[in-house]
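These notes concern the structure reproduced below.
Below, all heavy atoms of this structure are taken into account, side chains as well, without hydrogens, waters or symmetry copies.
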Amino acid sequence: MKYLILIYSNPKSRAAWDKLTEEQQMKFGQDHYDLSDKLRASGELIVSEGLPGPETGKGVSIRNGEVVVTDGPFAEAKEYLAGFYLVEADDIEQVIAHAATLPDAHNDGIEVRPVWDPSMLDGM
């Protein structure tokens with residue numbers, strides 16, 4: 001089954017990042033590289049990407065039959081998606097164990113969600 005490890009950030013965690021020494025920032029990044037290497041070696045990693053801040057995104061909606069594009073950020077919430085890992089694993093507990101190794105788990109936390117599998121409709 002596929003799972004997403006979603007990493008969130010917000011102004012508070014961004015401010016904490018800015019206060020880290022260069023060495024601490026390098027360690028933070030290395031922890032991500034280490035998990036990527038581990039997941040790649042085990043065959044679990046499908047893709048992992050970091051995302052720039054929400055101010056770089058666009059919202060897309062249809063209103064009265066017209067495409068409406070808005071600049072980010074989009075939600076009232078201060079939290080935003082900062083990166084993700086898409087992995088293949090036998091169960092969610094395995095993915096939770098991986099997510100718990102990321103330094104982001106100490107700040108805003110990480111969300112683990114299964115990816116919807118269309119084959120689940122076969123039994124319906």
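The main-chain N or O of Glu66 is never found under 3.5 Å from a side-chain atom of Asn64 such that the two would form a donor-acceptor pair. Remark: side-chain polar atoms of Tyr3 are paired, donor with acceptor, to backbone N or O of Ile92 under 3.5 angstrom.
Considering every non-hydrogen atom in both Tyr80 and Gly53, the closest pair reads CE1-CA, 4.2 Å. Of all the heavy atoms in Asn10 and Glu79, the pair that sits closest is CB-CA, 3.9 Å.
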Show me the donor-acceptor pairs within less than 3.5 Å that the side chains of residues 82-90 make with the rest of the protein, sequence neighbours left out.
{"residue": "Tyr85", "atom": "OH", "partner": "His32", "partner atom": "O", "Å": "3.3"}
{"residue": "Tyr85", "atom": "OH", "partner": "His32", "partner atom": "ND1", "Å": "2.8"}
{"residue": "Glu88", "atom": "OE2", "partner": "Met1", "partner atom": "N", "Å": "3.2"}

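Applying the 4.5 Å side-chain rule to ILVMFWY residues, one finds that Met26 remains a lone member of its cluster. Hydrophobic cluster of Trp17: the remaining members, joined at side-chain heavy-atom separations below 4.5 Å, are Leu20, Phe28, listed by chain and number.
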*Please walk me through it: do Lys38 and His98 pass side-chain contact (heavy atoms from CB on, under 4.5 Å)?*
CA-CA 9 Å; Lys38 178 181 177 180; His98 292 312; 4.0 Å; yes
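Within the 4.5 Å cutoff, side-chain heavy atoms of Leu81 are placed close to those of Leu6. Residues Val112 and Leu4 form no side-chain contact, since every pair of their non-hydrogen atoms from C-beta on lies 4.5 Å or further apart. For the pair Thr70/Lys58, no side-chain contact is recorded, criterion being any heavy-atom separation below 4.5 Å from C-beta on. You'll find the side chain of Leu102 reaches within 4.5 Å of the side chain of Ile5, heavy atoms only.
Take Gln25 and apply the side chain to side chain donor-acceptor pair (under 3.5 Å) test, not counting sequence neighbours, and it matches no residue. Take Ser42 and apply the side chain to side chain donor-acceptor pair (under 3.5 Å) test, not counting sequence neighbours, and it matches Glu44.
In terms of hydrophobic clustering, with Ile, Leu, Val, Met, Phe, Trp and Tyr side chains grouped at heavy-atom distances under 4.5 Å, Leu45 and Tyr33 are assigned to different clusters.
For residues 7-16, the set of pairs meeting the salt bridge (charged side-chain N to carboxylate O under 4.0 Å, His left out) definition, not counting sequence neighbours, comprises Arg14-Asp18.
Comment: Lys27 engages Asp31 in a salt bridge, judged by a side-chain N to carboxylate O separation of less than 4.0 angstrom.
Atom CD1 of Ile110 is separated from atom OG1 of Thr101 by 7.5 Å, given to the nearest 0.5 angstrom.
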